[in-house]
J.: 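One structure coming up, written as C-alpha coordinates, with questions to follow.
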Amino acid sequence: MGWSVPKAPVPEKAAAWSPWICIFILGAGFLASLAWIVLNSPADGLPALASGYYLPLTGYALAGTLFFLTLYFLFWEIQALCWHNALWWQHNTSTAWQHWAQNSLYVAKAVMLTSDSQLISRKAGLEKAGTSHDAADMPKVLFPEETLIPGINRFERLCHALLDEIAPTLNTPLKNQDVSVYLQTYGEVDEAEQHKLYSILAERFPVKKFTVDLLHDSSLFPIWNESVIVSRHPVLLLAMHYRKPDEALSEIATALLLVPPSLLNAAESKTATRLFRAMPIKTDRLATELTEQRNMQQQPTESIRLVWFSGLTDSLRQKLSTLVYELRLPLRASAPMGGLLDFDKDNDQYGALTGGLLMGAAAQMVEQGQGGQWIIHHDGKNTWAMVVGAQEPVISHPAENLPMAPYPAGCVALSLLFNFVLFWCVGDAWPRWLFSGWGLATIVFSLFITLPGSVIALRTLVSNIQKPQFIQNANASHRD
(Lines give C-alpha, C1' and ligand atoms only; values in the text may rest on other atoms or scores of the structure.)
Protein backbone atom coordinates (compact mmCIF):
# COMPACT_ATOMS: atom_id res chain seq x y z
CA MET A 1 0.00 0.00 0.00
CA GLY A 2 1.51 3.31 1.03
CA TRP A 3 1.57 5.77 -1.83
CA SER A 4 2.60 2.95 -4.18
CA VAL A 5 4.62 5.22 -6.44
CA PRO A 6 5.42 3.22 -9.62
CA LYS A 7 9.15 2.78 -10.05
CA ALA A 8 10.39 1.10 -13.22
CA PRO A 9 14.05 0.02 -13.31
CA VAL A 10 16.27 2.60 -14.98
CA PRO A 11 18.66 1.26 -17.67
CA GLU A 12 22.37 1.70 -17.22
CA LYS A 13 23.77 5.08 -18.14
CA ALA A 14 25.30 5.14 -21.60
CA ALA A 15 29.07 5.47 -21.61
CA ALA A 16 30.38 8.78 -22.92
CA TRP A 17 31.22 8.69 -26.59
CA SER A 18 34.90 8.06 -27.24
CA PRO A 19 36.90 10.28 -29.63
CA TRP A 20 39.41 7.43 -29.92
CA ILE A 21 36.84 5.22 -31.58
CA CYS A 22 36.09 8.03 -34.05
CA ILE A 23 39.82 8.45 -34.75
CA PHE A 24 40.12 4.68 -35.24
CA ILE A 25 37.25 4.68 -37.76
CA LEU A 26 38.77 7.61 -39.66
CA GLY A 27 42.22 5.98 -39.62
CA ALA A 28 40.79 2.65 -40.75
CA GLY A 29 39.01 4.39 -43.66
CA PHE A 30 42.20 6.16 -44.68
CA LEU A 31 44.26 2.95 -44.50
CA ALA A 32 41.65 1.00 -46.44
CA SER A 33 41.66 3.66 -49.17
CA LEU A 34 45.46 3.65 -49.27
CA ALA A 35 45.54 -0.13 -49.52
CA TRP A 36 43.03 -0.06 -52.37
CA ILE A 37 45.18 2.47 -54.25
CA VAL A 38 48.31 0.36 -53.81
CA LEU A 39 46.64 -2.89 -54.78
CA ASN A 40 44.74 -1.49 -57.77
CA SER A 41 47.16 1.10 -59.19
CA PRO A 42 47.95 0.86 -62.92
CA ALA A 43 51.18 -0.85 -63.96
CA ASP A 44 52.57 2.36 -65.50
CA GLY A 45 52.35 4.24 -62.15
CA LEU A 46 49.85 6.27 -60.15
CA PRO A 47 47.68 8.72 -62.09
CA ALA A 48 47.98 12.42 -61.41
CA LEU A 49 45.59 14.10 -58.95
CA ALA A 50 44.16 16.28 -61.71
CA SER A 51 43.14 13.21 -63.72
CA GLY A 52 39.97 12.62 -61.67
CA TYR A 53 41.02 9.03 -61.05
CA TYR A 54 40.78 9.42 -57.27
CA LEU A 55 37.41 11.19 -57.17
CA PRO A 56 35.24 8.03 -57.03
CA LEU A 57 37.61 6.49 -54.49
CA THR A 58 37.36 9.60 -52.33
CA GLY A 59 33.57 9.45 -52.45
CA TYR A 60 33.48 5.76 -51.53
CA ALA A 61 35.98 6.33 -48.72
CA LEU A 62 33.97 9.22 -47.30
CA ALA A 63 30.71 7.28 -47.58
CA GLY A 64 32.18 4.18 -45.92
CA THR A 65 33.83 6.15 -43.11
CA LEU A 66 30.64 8.15 -42.52
CA PHE A 67 28.61 4.93 -42.52
CA PHE A 68 30.62 3.37 -39.69
CA LEU A 69 30.71 6.66 -37.77
CA THR A 70 26.91 6.80 -38.14
CA LEU A 71 26.54 3.27 -36.76
CA TYR A 72 28.69 4.12 -33.74
CA PHE A 73 26.98 7.43 -33.04
CA LEU A 74 23.50 5.94 -33.45
CA PHE A 75 24.35 3.09 -31.07
CA TRP A 76 25.58 5.60 -28.49
CA GLU A 77 22.66 7.99 -29.00
CA ILE A 78 20.00 5.29 -28.68
CA GLN A 79 21.52 4.10 -25.40
CA ALA A 80 21.70 7.67 -24.11
CA LEU A 81 18.09 8.32 -25.18
CA CYS A 82 16.84 5.19 -23.38
CA TRP A 83 18.54 6.29 -20.16
CA HIS A 84 17.37 9.89 -20.56
CA ASN A 85 13.76 8.84 -21.30
CA ALA A 86 13.60 6.47 -18.33
CA LEU A 87 14.88 9.11 -15.92
CA TRP A 88 12.47 11.77 -17.14
CA TRP A 89 9.47 9.42 -17.26
CA GLN A 90 10.20 8.27 -13.72
CA HIS A 91 10.58 11.89 -12.65
CA ASN A 92 7.29 12.86 -14.30
CA THR A 93 5.53 9.85 -12.77
CA SER A 94 6.86 10.60 -9.29
CA THR A 95 6.00 14.28 -9.64
CA ALA A 96 2.46 13.47 -10.80
CA TRP A 97 2.07 11.04 -7.89
CA GLN A 98 3.35 13.68 -5.49
CA HIS A 99 0.96 16.33 -6.84
CA TRP A 100 -1.85 13.80 -6.46
CA ALA A 101 -0.80 12.94 -2.90
CA GLN A 102 -0.47 16.63 -2.06
CA ASN A 103 -4.09 17.38 -2.94
CA SER A 104 -5.64 19.14 0.01
CA LEU A 105 -8.59 21.10 1.31
CA TYR A 106 -8.22 24.23 3.41
CA VAL A 107 -9.84 24.60 6.80
CA ALA A 108 -12.12 27.64 6.78
CA LYS A 109 -13.37 26.85 10.30
CA ALA A 110 -12.62 24.08 12.80
CA VAL A 111 -14.75 23.39 15.87
CA MET A 112 -14.07 20.82 18.60
CA LEU A 113 -16.52 20.24 21.42
CA THR A 114 -15.60 17.92 24.29
CA SER A 115 -17.23 17.31 27.67
CA ASP A 116 -13.79 18.02 29.17
CA SER A 117 -13.00 21.43 27.71
CA GLN A 118 -9.23 20.91 28.19
CA LEU A 119 -9.09 17.38 26.77
CA ILE A 120 -7.32 18.13 23.49
CA SER A 121 -4.99 20.75 24.97
CA ARG A 122 -4.02 18.40 27.78
CA LYS A 123 -3.32 15.55 25.38
CA ALA A 124 -1.10 17.88 23.34
CA GLY A 125 0.76 18.98 26.45
CA LEU A 126 -0.51 22.55 26.36
CA GLU A 127 -2.36 22.04 29.63
CA LYS A 128 -0.70 20.30 32.55
CA ALA A 129 -2.34 17.07 33.57
CA GLY A 130 -1.94 17.97 37.24
CA THR A 131 -4.36 20.88 36.94
CA SER A 132 -7.26 18.76 35.67
CA HIS A 133 -9.88 17.06 37.82
CA ASP A 134 -10.11 13.33 38.22
CA ALA A 135 -11.74 11.57 35.29
CA ALA A 136 -14.58 10.41 37.53
CA ASP A 137 -15.47 14.01 38.36
CA MET A 138 -15.54 15.17 34.76
CA PRO A 139 -18.95 15.60 33.12
CA LYS A 140 -19.61 13.15 30.34
CA VAL A 141 -22.02 15.33 28.43
CA LEU A 142 -21.75 18.66 26.70
CA PHE A 143 -23.61 21.57 28.26
CA PRO A 144 -24.11 19.79 31.62
CA GLU A 145 -26.10 22.73 32.95
CA GLU A 146 -28.90 21.99 30.49
CA THR A 147 -31.59 19.35 30.82
CA LEU A 148 -30.37 16.13 29.20
CA ILE A 149 -32.77 14.41 26.79
CA PRO A 150 -30.99 11.45 25.16
CA GLY A 151 -31.66 10.56 21.55
CA ILE A 152 -32.54 12.67 18.53
CA ASN A 153 -33.10 15.81 20.61
CA ARG A 154 -29.52 15.56 21.83
CA PHE A 155 -28.36 15.16 18.22
CA GLU A 156 -30.22 18.34 17.32
CA ARG A 157 -28.65 20.22 20.23
CA LEU A 158 -25.09 19.28 19.18
CA CYS A 159 -25.79 20.16 15.54
CA HIS A 160 -26.97 23.61 16.56
CA ALA A 161 -23.89 24.08 18.77
CA LEU A 162 -21.55 23.20 15.90
CA LEU A 163 -23.45 25.32 13.37
CA ASP A 164 -23.41 28.30 15.71
CA GLU A 165 -19.64 28.34 15.26
CA ILE A 166 -19.72 27.58 11.54
CA ALA A 167 -22.54 29.96 10.55
CA PRO A 168 -20.54 33.22 10.37
CA THR A 169 -18.15 31.73 7.84
CA LEU A 170 -20.93 30.11 5.82
CA ASN A 171 -22.96 33.32 5.74
CA THR A 172 -20.19 35.71 4.71
CA PRO A 173 -17.26 34.52 2.54
CA LEU A 174 -19.08 31.37 1.38
CA LYS A 175 -22.62 32.72 1.19
CA ASN A 176 -23.01 31.97 -2.53
CA GLN A 177 -21.58 28.45 -2.41
CA ASP A 178 -23.38 25.12 -2.29
CA VAL A 179 -22.15 22.85 0.49
CA SER A 180 -21.63 19.07 0.70
CA VAL A 181 -22.20 17.73 4.22
CA TYR A 182 -20.76 14.44 5.49
CA LEU A 183 -22.23 13.19 8.75
CA GLN A 184 -20.65 10.52 10.92
CA THR A 185 -21.84 9.41 14.34
CA TYR A 186 -20.83 6.62 16.68
CA GLY A 187 -22.74 3.60 15.44
CA GLU A 188 -25.13 3.52 12.53
CA VAL A 189 -26.58 6.77 11.21
CA ASP A 190 -30.34 6.40 10.80
CA GLU A 191 -32.79 8.26 8.59
CA ALA A 192 -34.10 10.26 11.54
CA GLU A 193 -30.71 11.90 11.97
CA GLN A 194 -30.47 12.62 8.26
CA HIS A 195 -33.92 14.21 8.13
CA LYS A 196 -33.26 16.19 11.28
CA LEU A 197 -29.99 17.54 9.88
CA TYR A 198 -31.72 18.52 6.61
CA SER A 199 -34.40 20.42 8.51
CA ILE A 200 -31.80 22.19 10.69
CA LEU A 201 -29.76 23.27 7.66
CA ALA A 202 -32.86 24.42 5.75
CA GLU A 203 -34.02 26.43 8.73
CA ARG A 204 -30.68 28.12 9.43
CA PHE A 205 -29.52 28.61 5.83
CA PRO A 206 -32.67 28.89 3.70
CA VAL A 207 -30.93 30.20 0.57
CA LYS A 208 -28.20 27.57 0.50
CA LYS A 209 -28.27 24.20 -1.17
CA PHE A 210 -26.95 21.28 0.89
CA THR A 211 -26.32 17.65 0.02
CA VAL A 212 -25.96 15.30 3.00
CA ASP A 213 -24.00 12.05 2.82
CA LEU A 214 -24.09 9.59 5.70
CA LEU A 215 -21.14 7.49 6.82
CA HIS A 216 -22.61 4.29 8.18
CA ASP A 217 -20.17 3.34 10.96
CA SER A 218 -17.31 3.21 8.49
CA SER A 219 -13.97 4.93 8.25
CA LEU A 220 -13.99 8.47 6.91
CA PHE A 221 -10.66 8.13 5.09
CA PRO A 222 -11.76 6.15 1.99
CA ILE A 223 -14.59 8.62 1.37
CA TRP A 224 -12.16 11.44 2.01
CA ASN A 225 -9.80 10.22 -0.72
CA GLU A 226 -12.48 9.33 -3.24
CA SER A 227 -14.97 12.19 -2.94
CA VAL A 228 -14.15 14.86 -0.39
CA ILE A 229 -10.60 15.80 -1.41
CA VAL A 230 -11.61 16.40 -5.05
CA SER A 231 -14.60 18.60 -4.19
CA ARG A 232 -14.84 21.92 -6.04
CA HIS A 233 -17.15 23.51 -3.50
CA PRO A 234 -17.19 23.79 0.32
CA VAL A 235 -17.45 20.64 2.41
CA LEU A 236 -18.76 20.39 5.96
CA LEU A 237 -17.62 17.36 7.97
CA LEU A 238 -19.65 16.61 11.08
CA ALA A 239 -18.38 13.85 13.36
CA MET A 240 -20.04 13.40 16.73
CA HIS A 241 -21.19 11.13 19.49
CA TYR A 242 -24.29 12.29 21.33
CA ARG A 243 -25.89 10.69 24.37
CA LYS A 244 -28.25 7.90 23.48
CA PRO A 245 -30.54 5.95 25.76
CA ASP A 246 -28.86 3.19 27.79
CA GLU A 247 -25.22 4.18 27.12
CA ALA A 248 -22.68 6.34 28.91
CA LEU A 249 -19.90 7.27 26.45
CA SER A 250 -18.68 10.84 26.80
CA GLU A 251 -20.17 13.23 24.29
CA ILE A 252 -17.77 14.65 21.73
CA ALA A 253 -18.26 16.49 18.44
CA THR A 254 -16.21 18.16 15.76
CA ALA A 255 -17.03 20.18 12.67
CA LEU A 256 -14.64 21.02 9.86
CA LEU A 257 -15.67 23.51 7.20
CA LEU A 258 -13.32 22.87 4.28
CA VAL A 259 -12.86 24.74 1.03
CA PRO A 260 -10.89 23.95 -2.15
CA PRO A 261 -7.89 26.12 -3.06
CA SER A 262 -9.87 27.92 -5.77
CA LEU A 263 -12.07 29.63 -3.15
CA LEU A 264 -9.18 31.22 -1.26
CA ASN A 265 -7.03 34.13 -2.30
CA ALA A 266 -3.25 33.88 -2.34
CA ALA A 267 -2.78 35.55 1.05
CA GLU A 268 -5.29 33.27 2.80
CA SER A 269 -3.87 30.11 1.25
CA LYS A 270 -0.41 30.82 2.68
CA THR A 271 -1.61 30.66 6.29
CA ALA A 272 -4.69 28.43 6.20
CA THR A 273 -4.59 24.94 7.71
CA ARG A 274 -4.65 22.10 5.19
CA LEU A 275 -5.86 18.52 5.37
CA PHE A 276 -4.10 16.33 2.82
CA ARG A 277 -4.93 13.10 1.05
CA ALA A 278 -4.81 10.11 3.41
CA MET A 279 -2.39 7.22 2.85
CA PRO A 280 -3.38 3.58 3.48
CA ILE A 281 -0.84 1.65 5.55
CA LYS A 282 0.12 -2.01 5.81
CA THR A 283 1.08 -2.44 9.44
CA ASP A 284 3.57 -5.20 8.63
CA ARG A 285 5.44 -2.66 6.46
CA LEU A 286 5.07 0.26 8.85
CA ALA A 287 8.67 1.47 8.52
CA THR A 288 8.53 1.55 4.71
CA GLU A 289 5.07 3.13 4.63
CA LEU A 290 5.91 5.95 7.05
CA THR A 291 9.15 6.62 5.18
CA GLU A 292 7.05 7.09 2.04
CA GLN A 293 4.75 9.38 4.00
CA ARG A 294 7.68 11.54 5.09
CA ASN A 295 9.26 11.57 1.61
CA MET A 296 5.99 12.64 -0.01
CA GLN A 297 6.55 16.01 1.71
CA GLN A 298 2.91 17.00 2.09
CA GLN A 299 4.36 19.15 4.84
CA PRO A 300 8.08 19.89 5.28
CA THR A 301 9.59 17.27 7.57
CA GLU A 302 11.09 19.94 9.80
CA SER A 303 7.60 21.36 10.49
CA ILE A 304 6.10 18.19 12.04
CA ARG A 305 5.63 18.65 15.78
CA LEU A 306 2.97 16.14 16.88
CA VAL A 307 1.94 12.62 15.85
CA TRP A 308 -1.57 11.51 16.88
CA PHE A 309 -2.38 7.82 16.85
CA SER A 310 -5.38 5.68 17.71
CA GLY A 311 -6.41 2.03 17.52
CA LEU A 312 -2.85 0.66 17.41
CA THR A 313 -1.76 -2.46 19.28
CA ASP A 314 0.94 -2.28 21.94
CA SER A 315 3.55 -3.71 19.56
CA LEU A 316 2.69 -1.15 16.88
CA ARG A 317 2.90 1.67 19.41
CA GLN A 318 6.39 0.60 20.38
CA LYS A 319 7.38 0.26 16.74
CA LEU A 320 5.95 3.69 15.97
CA SER A 321 7.98 5.24 18.80
CA THR A 322 11.17 3.77 17.32
CA LEU A 323 10.28 4.84 13.79
CA VAL A 324 9.64 8.44 14.76
CA TYR A 325 13.20 8.59 16.07
CA GLU A 326 14.62 6.88 12.97
CA LEU A 327 12.67 9.19 10.64
CA ARG A 328 14.13 12.20 12.48
CA LEU A 329 10.80 13.92 12.96
CA PRO A 330 11.43 17.03 15.07
CA LEU A 331 8.52 16.45 17.45
CA ARG A 332 7.91 18.81 20.34
CA ALA A 333 9.87 17.37 23.23
CA SER A 334 7.68 19.03 25.87
CA ALA A 335 4.56 17.21 24.63
CA PRO A 336 3.51 13.90 26.26
CA MET A 337 5.59 10.93 25.06
CA GLY A 338 7.89 13.33 23.24
CA GLY A 339 5.20 14.35 20.74
CA LEU A 340 3.55 10.93 20.26
CA LEU A 341 -0.05 11.48 21.36
CA ASP A 342 -2.23 8.48 22.17
CA PHE A 343 -5.79 9.65 21.53
CA ASP A 344 -7.20 6.53 23.17
CA LYS A 345 -5.40 7.02 26.48
CA ASP A 346 -7.76 8.10 29.29
CA ASN A 347 -10.47 8.49 26.69
CA ASP A 348 -13.54 6.59 25.53
CA GLN A 349 -13.28 4.40 22.44
CA TYR A 350 -15.30 5.66 19.48
CA GLY A 351 -14.31 3.15 16.78
CA ALA A 352 -14.44 4.45 13.20
CA LEU A 353 -15.63 7.85 14.46
CA THR A 354 -12.16 8.47 15.93
CA GLY A 355 -10.74 9.25 12.48
CA GLY A 356 -12.92 12.35 12.13
CA LEU A 357 -12.23 13.36 15.74
CA LEU A 358 -8.49 13.12 15.12
CA MET A 359 -8.81 15.38 12.09
CA GLY A 360 -10.61 17.96 14.20
CA ALA A 361 -8.09 17.73 17.05
CA ALA A 362 -5.08 18.01 14.71
CA ALA A 363 -6.59 20.97 12.84
CA GLN A 364 -7.23 22.72 16.16
CA MET A 365 -3.61 22.21 17.24
CA VAL A 366 -2.28 23.56 13.93
CA GLU A 367 -4.42 26.67 14.34
CA GLN A 368 -2.95 27.10 17.82
CA GLY A 369 0.54 27.26 16.35
CA GLN A 370 1.63 23.70 17.15
CA GLY A 371 3.17 23.03 13.74
CA GLY A 372 2.44 20.17 11.35
CA GLN A 373 0.63 17.07 12.59
CA TRP A 374 0.55 13.43 11.59
CA ILE A 375 -2.50 11.25 12.18
CA ILE A 376 -2.20 7.45 12.28
CA HIS A 377 -5.49 5.63 12.84
CA HIS A 378 -6.57 1.99 12.75
CA ASP A 379 -10.32 1.83 12.25
CA GLY A 380 -10.69 -1.88 13.07
CA LYS A 381 -10.07 -3.00 9.49
CA ASN A 382 -7.49 -0.72 7.89
CA THR A 383 -4.79 1.68 9.01
CA TRP A 384 -4.52 5.18 7.62
CA ALA A 385 -2.09 8.09 7.87
CA MET A 386 -2.91 11.73 7.24
CA VAL A 387 -0.95 14.98 7.39
CA VAL A 388 -2.39 18.26 8.67
CA GLY A 389 -0.45 21.51 8.50
CA ALA A 390 -0.34 25.13 7.41
CA GLN A 391 2.77 25.24 5.23
CA GLU A 392 3.19 24.77 1.50
CA PRO A 393 3.97 21.19 0.44
CA VAL A 394 7.45 20.55 -0.91
CA ILE A 395 8.22 19.28 -4.42
CA SER A 396 11.01 16.81 -3.73
CA HIS A 397 11.90 15.95 -7.35
CA PRO A 398 13.51 19.07 -8.87
CA ALA A 399 13.98 18.82 -12.64
CA GLU A 400 17.28 20.72 -12.39
CA ASN A 401 19.03 17.53 -11.32
CA LEU A 402 17.98 15.62 -14.43
CA PRO A 403 20.17 15.25 -17.53
CA MET A 404 19.62 17.19 -20.70
CA ALA A 405 18.73 15.34 -23.89
CA PRO A 406 21.83 13.79 -25.49
CA TYR A 407 23.45 15.56 -28.42
CA PRO A 408 21.99 14.05 -31.62
CA ALA A 409 25.34 13.00 -33.07
CA GLY A 410 23.90 9.86 -34.63
CA CYS A 411 21.06 11.75 -36.30
CA VAL A 412 23.43 14.39 -37.66
CA ALA A 413 25.73 11.70 -39.07
CA LEU A 414 22.78 9.79 -40.53
CA SER A 415 21.40 12.94 -42.17
CA LEU A 416 24.80 13.82 -43.66
CA LEU A 417 25.23 10.26 -44.96
CA PHE A 418 21.77 10.26 -46.53
CA ASN A 419 22.32 13.59 -48.26
CA PHE A 420 25.83 12.60 -49.38
CA VAL A 421 24.62 9.39 -51.03
CA LEU A 422 21.49 11.05 -52.45
CA PHE A 423 23.27 13.93 -54.12
CA TRP A 424 26.15 11.73 -55.23
CA CYS A 425 23.61 9.75 -57.24
CA VAL A 426 21.88 12.93 -58.44
CA GLY A 427 25.22 14.43 -59.48
CA ASP A 428 26.14 11.28 -61.36
CA ALA A 429 22.91 11.56 -63.38
CA TRP A 430 22.57 15.38 -63.72
CA PRO A 431 25.93 16.98 -62.89
CA ARG A 432 25.13 20.32 -64.52
CA TRP A 433 21.92 20.75 -62.51
CA LEU A 434 23.60 19.73 -59.23
CA PHE A 435 26.20 22.47 -59.51
CA SER A 436 23.67 25.08 -60.56
CA GLY A 437 21.97 27.54 -58.21
CA TRP A 438 18.89 25.31 -57.98
CA GLY A 439 21.03 22.31 -57.11
CA LEU A 440 22.80 24.13 -54.28
CA ALA A 441 19.46 25.45 -52.99
CA THR A 442 18.09 21.90 -53.04
CA ILE A 443 21.05 20.63 -51.02
CA VAL A 444 20.58 23.35 -48.39
CA PHE A 445 16.81 22.72 -48.25
CA SER A 446 17.36 18.97 -47.90
CA LEU A 447 19.77 19.49 -45.00
CA PHE A 448 17.29 21.91 -43.40
CA ILE A 449 14.61 19.20 -43.52
CA THR A 450 16.59 16.04 -42.79
CA LEU A 451 18.73 17.30 -39.90
CA PRO A 452 15.82 18.13 -37.51
CA GLY A 453 13.60 15.49 -39.12
CA SER A 454 16.03 12.69 -38.30
CA VAL A 455 16.29 13.89 -34.68
CA ILE A 456 12.51 13.97 -34.25
CA ALA A 457 12.07 10.62 -36.02
CA LEU A 458 14.70 8.79 -33.95
CA ARG A 459 13.48 10.16 -30.62
CA THR A 460 9.87 9.35 -31.48
CA LEU A 461 10.82 5.83 -32.58
CA VAL A 462 12.90 5.12 -29.46
CA SER A 463 10.15 6.55 -27.23
CA ASN A 464 7.41 4.47 -28.86
CA ILE A 465 9.46 1.29 -28.55
CA GLN A 466 10.58 1.97 -24.97
CA LYS A 467 7.39 3.35 -23.45
CA PRO A 468 5.26 0.14 -23.37
CA GLN A 469 8.02 -1.70 -21.48
CA PHE A 470 8.40 1.21 -19.07
CA ILE A 471 4.65 1.23 -18.38
CA GLN A 472 4.65 -2.55 -17.90
CA ASN A 473 7.55 -2.38 -15.44
CA ALA A 474 5.99 0.57 -13.60
CA ASN A 475 2.67 -1.26 -13.27
CA ALA A 476 4.47 -4.35 -12.00
CA SER A 477 6.24 -2.32 -9.29
CA HIS A 478 2.92 -0.62 -8.44
CA ARG A 479 1.22 -4.01 -7.92
CA ASP A 480 4.09 -5.18 -5.75
Side-chain angles (χ1 to χ4, degrees), residues 1-7 94 97-105 184 215 217-230 237 239 274-301 303-329 331 337-345 349-363 372-389 393-394 396 477-480:
M1 288 188 182
W3 292 118
S4 301
V5 181
K7 292 184 179 179
S94 299
W97 231 256
Q98 190 172 41
H99 282 302
W100 173 80
Q102 290 178 352
N103 285 350
S104 64
L105 291 178
Q184 185 179 34
L215 304 178
D217 194 26
S218 59
S219 175
L220 172 63
F221 295 109
I223 301 298
W224 171 266
N225 282 350
E226 293 170 10
S227 305
V228 181
I229 198 74
V230 296
L237 296 181
R274 298 182 176 194
L275 276 71
F276 291 86
R277 186 179 293 275
M279 181 185 77
I281 290 178
K282 281 186 177 180
T283 53
D284 57 346
R285 300 177 65 240
L286 188 63
T288 303
E289 307 282 45
L290 292 185
T291 301
E292 284 191 20
Q293 177 76 325
R294 179 200 62 186
N295 294 342
M296 196 55 71
Q297 294 283 287
Q298 293 172 319
Q299 287 287 277
T301 303
S303 73
I304 305 301
R305 293 293 180 267
L306 297 173
V307 175
W308 299 81
F309 65 90
S310 172
L312 303 184
T313 62
D314 291 339
S315 61
L316 283 177
R317 292 178 187 178
Q318 294 175 358
K319 193 173 183 180
L320 177 61
S321 179
T322 303
L323 285 173
V324 166
Y325 174 78
E326 293 176 351
L327 293 173
R328 301 182 183 277
L329 298 179
L331 303 186
M337 295 177 60
L340 275 173
L341 309 182
D342 186 354
F343 191 79
D344 299 332
K345 185 178 180 181
Q349 307 300 304
Y350 296 99
L353 178 65
T354 307
L357 300 177
L358 283 168
M359 292 166 66
Q373 320 268 306
W374 277 17
I375 295 171
I376 300 173
H377 174 56
H378 182 72
D379 58 17
K381 296 180 181 178
N382 302 301
T383 305
W384 296 86
M386 175 182 273
V387 176
V388 184
V394 179
S396 57
S477 71
H478 184 250
R479 288 192 296 269
D480 294 342

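The basis for the numbers below is simple: all heavy atoms, side chains too, and nothing from hydrogens, waters or symmetry mates. Every value quoted in this text rests on a predicted model; they were computed, and no experiment measured them.
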J.: Parallel, tilted or perpendicular for Trp384 and Phe221, by the 30°/60° rule?
T.: parallel

J.: Given Gln318 and Thr322, is the side-chain hydrogen bond (donor to acceptor under 3.5 Å, both in side chains) satisfied, shown in steps?
T.: CA-CA 6 Å; Gln318 294 175 358; Thr322 303; over 6 Å; no

J.: For Gly339, is there any backbone N or O sitting under 3.5 Å from a side-chain donor or acceptor partner on Arg305?
T.: no

J.: Below 4.5 Å, heavy atoms only, C-beta onward: do Leu358 and Ser310 meet side chain to side chain?
T.: yes

J.: Please confirm whether the backbone N or O of Ala239 pairs with a side-chain atom of Gln184, one donor and one acceptor, at under 3.5 Å?
T.: no

J.: Nearest 0.5 Å please: distance from the CG atom of Leu306 over to the CH2 atom of Trp374.
T.: 13.0 Å

J.: Within the distance-only criterion (no hydrogens, no angle test), does the side chain of Gln299 pair as donor or acceptor with the backbone N or O of Gln373 below 3.5 angstrom?
T.: no

J.: Closest approach of Ala352 and Ser219, non-hydrogen atoms and distance?
T.: CB-N, 3.9 Å

J.: Measure the spacing between CE of Met359 and CG of Leu275 and express it to the nearest 0.5 Å.
T.: 4.5 Å

J.: Please find the pair of heavy atoms, one from Arg274 and one from Ser104, that lie closest to each other, and give the distance.
T.: CD-OG, 3.6 Å

J.: Where do Trp308 and Ala361 come nearest, in terms of heavy atoms and distance?
T.: CH2-CB, 4.2 Å

J.: Are Ser94 and Gln98 close enough that a side-chain donor and a side-chain acceptor fall under 3.5 Å?
T.: no

J.: Take His378 and Thr354 through the test side-chain contact (heavy atoms from CB on, under 4.5 Å) and record every step on the way to the result.
T.: CA-CA 9 Å; His378 182 72; Thr354 307; over 6 Å; no

J.: Taking atom CE of Met386 and atom CG of Leu220, what is their separation to the nearest 0.5 Å?
T.: 7.0 Å

J.: If you measure from CD1 on Ile375 to CG on Leu341, what distance do you get to the nearest 0.5 Å?
T.: 11.0 Å

J.: Give, for atom CG of Leu290 and atom CG of Leu320, the distance between the pair rounded to the nearest 0.5 Å.
T.: 6.5 Å

J.: Would you find a donor on one side and an acceptor on the other, under 3.5 Å apart, between the side chain of Gln102 and the backbone of Gln297?
T.: yes

J.: So does Gln349 get a backbone contact from the side chain of Asp344, meaning a donor-acceptor N/O pair under 3.5 Å?
T.: no

J.: Considering only heavy atoms from C-beta outward, does the side chain of Glu326 approach that of Thr291 to under 4.5 Å?
T.: no

J.: What heavy-atom pair brings Arg277 and Trp224 nearest, and what distance separates the two atoms?
T.: CA-NE1, 3.9 Å

J.: Write down the atom of Thr301, the atom of Arg328, and the distance for their closest heavy-atom approach.
T.: CG2-O, 4.3 Å

J.: Between Lys319 and Leu312, does a side-chain contact (heavy atoms from CB on, under 4.5 Å) hold up when you go through it step by step?
T.: CA-CA 10 Å; Lys319 193 173 183 180; Leu312 303 184; over 6 Å; no

J.: Is a donor on one side and an acceptor on the other found under 3.5 Å between the side chain of Asn225 and the backbone of Ala278?
T.: yes

J.: Find the distance between CD1 (Ile376) and CZ (Phe343) and round it off to the nearest 0.5 Å.
T.: 15.0 Å

J.: Compare every heavy atom of Pro300 with every heavy atom of Val394, then report the nearest pair and how far apart it is.
T.: CG2-CG, 3.8 Å

